[in-house]
**Q** 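Here you go, one structure.
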Amino acid sequence: MSPARPNASRADIIAMLRDGYSNLRISRELRCDKTRVARLRSELGLPHVVLQPLTLEQKWASKTRPVDGGHLEWIGERAKTTNTPVMRYKEVGYSPAALAFQMQHGRPPQGYVKAECGYPHCVAPDHVNDEAGRQQQRLARRAERGLGDIPAKCVSGHDLPAHAKLEPDGTAYCGMCKVEDKRAQRDPSVPRRTRHHPKTLEEAFARHAQPVEDGHVRWTGSAASTTPTIWFGGTTYSAYKVAFRLHYGRDPQGMVTPGCDVPHCVAGAHVEDRPMRQRTNTLFTAIFGGAA
Ligand SMILES: [Zn+2]
Ligand SMILES: [Zn+2]
Ligand SMILES: [Zn+2]
């Protein structure tokens, strides 16, 4: 990149002129004087190249980079404090995530747009969602997990149909309680809402284990992809493992999964560790024979 590099030859410049590049582009690429390029252009009687400015979408696309898993990384500007992608086009500021949403849905988003695919600040058009879309996705996740209707009141007696918010995994929490918690944090004179924290892992488990028909137990707590999880004493536990330990009074060996066909069932009698699964498989083979 030294400026002392030999100047471009006349033939090089002419070749690029004939290829239809602009004077600016040629002078930059060949590191030569722009007026020299312009002179050659008129000498040869070649038309001027008018630079087509990028469209909003083209500029957006030029600032993105595909990442494994179908995600799209923003390689353009970001907001300093939040690291959120931002973009400027013709003196106007845009949210790259909102533009991605508009491209995907053909309409402007309602509310804040973001992706919940796990890739931080992903701007893949099919990964981002607006407020309404997120709510829909979470309700679907809730239905998938069989978490049922949102209760009428929260533990503090707030009206849940009005205040309930959903987590990405479909679990519900009270938005009013959260607001009050935040208020109390800012102003220490406001009495802290007395929140009952579980004292044991067993208590934490019981809080979210809801017996349903046929001995199955539905998990109403949070879940990491396929495993129901318990947050207790600063650690995340698999609810399957806790259910196993409570039921059998011993630690499981290997992974614990439900042996029944109800998704996320945490019934102690239904979960199995590795040796139990192996026994079940052997028994199955003994009765029905090997794979056909
Ligand atoms: Zn993504
Ligand atoms: Zn509440
Ligand atoms: Zn079950």
Side-chain angles (χ1 to χ4, degrees), residues 60 64-75 83-85 95-101 103-104 113-130 133-134 137 145-147 150-168 171-184 190-196 205 207-220 223 225-228 238-244 246-248 256-273 276-277 280:
W60 175 90
T64 63
R65 188 176 70 89
V67 186
D68 277 350
H71 307 293
L72 213 52
E73 185 192 359
W74 183 251
I75 52 171
N83 210 31
T84 311
S95 148
L99 288 173
F101 179 92
M103 285 175 213
Q104 179 79 4
V113 175
K114 63 176 178 181
E116 281 180 344
C117 56
Y119 191 83
H121 298 296
C122 179
V123 292
D126 54 341
H127 289 190
V128 296
N129 235 327
D130 66 353
R134 259 196 307 281
Q137 216 170 46
R145 288 182 58 192
L147 293 180
I150 292 164
K153 297 255 182 252
C154 79
V155 284
S156 301
H158 299 128
D159 209 16
L160 271 186
H163 299 299
K165 296 238 161 62
L166 292 173
E167 297 280 10
T171 51
Y173 67 91
C174 174
M176 198 60 194
C177 285
K178 203 166 182 182
V179 167
E180 286 181 358
D181 275 353
K182 271 194 185 150
R183 207 175 286 154
V190 173
R192 265 291 174 95
R193 215 167 46 82
T194 45
R195 187 126 149 240
H196 171 68
F205 173 82
R207 180 167 291 188
H208 295 294
Q210 188 187 95
V212 288
E213 63 283 357
D214 300 328
H216 300 294
V217 177
R218 172 189 291 160
W219 183 249
T220 64
S225 63
T226 57
T227 308
S238 149
Y240 292 145
K241 284 197 172 171
V242 175
F244 185 95
L246 290 173
H247 186 78
Y248 292 102
V256 178
T257 51
C260 66
D261 54 8
V262 170
H264 287 166
C265 177
V266 291
H270 293 184
V271 293
E272 298 177 334
D273 68 349
M276 289 167 79
R277 262 195 310 277
T280 311

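Note that ligands are numbered from 1 as they come in the structure, with each ligand's atoms numbered from 1 the same way. Along the sequence shown, the residues carry numbers beginning at 1.
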**Q** About how large, to 10 degrees, is the angle ND1 of His158, then the Zn ion (ligand 2), then SG of Cys177?
**A** 110°
**Q** Report the relative orientation of the aromatic rings in Tyr119 and His71; use parallel for angles under 30°, tilted for 30 to 60°, perpendicular for over 60°.
**A** parallel
**Q** Would you say the side chain of His247 lies within less than 4.5 Å of the side chain of Val271, judging by non-hydrogen atoms?
**A** no
**Q** Looking at Ala172 and Ile150, what are the two nearest heavy atoms and their distance?
**A** CB-CG1, 4.2 Å
**Q** Is there a side-chain contact between Leu160 and Cys174, using heavy atoms and a 4.5 Å cut-off?
**A** yes
**Q** Please state the angle at the Zn ion (ligand 1) spanned by SG of Cys122 and ND1 of His71: what is it, rounded to 10 degrees?
**A** 120°
**Q** So, the side chain of Arg218 versus the backbone of Gln210: is there a donor-acceptor pair under 3.5 Å, distance only?
**A** no
**Q** Please examine the side chains of Val217 and His270, heavy atoms only from C-beta on, and report whether any two atoms are closer than 4.5 Å.
**A** no
**Q** Under 2.8 Å from the Zn ion (ligand 2), is there any N, O or S atom belonging to Cys174?
**A** yes
**Q** With side chains defined as the heavy atoms from C-beta onward, is the minimum distance between His121 and Trp74 less than 4.5 Å?
**A** no
**Q** I'd like to verify the contacts: list protein N, O or S atoms under a distance of 2.8 Å from the Zn ion (ligand 3).
**A** His216 ND1, Cys260 SG, Cys265 SG, His270 ND1
**Q** With the Zn ion (ligand 1) at the centre, find the angle made by ND1 from His127 and SG from Cys117, to 10°.
**A** 110°
**Q** Does a side-chain heavy-atom distance below 4.5 Å link Phe205 with Val266?
**A** yes
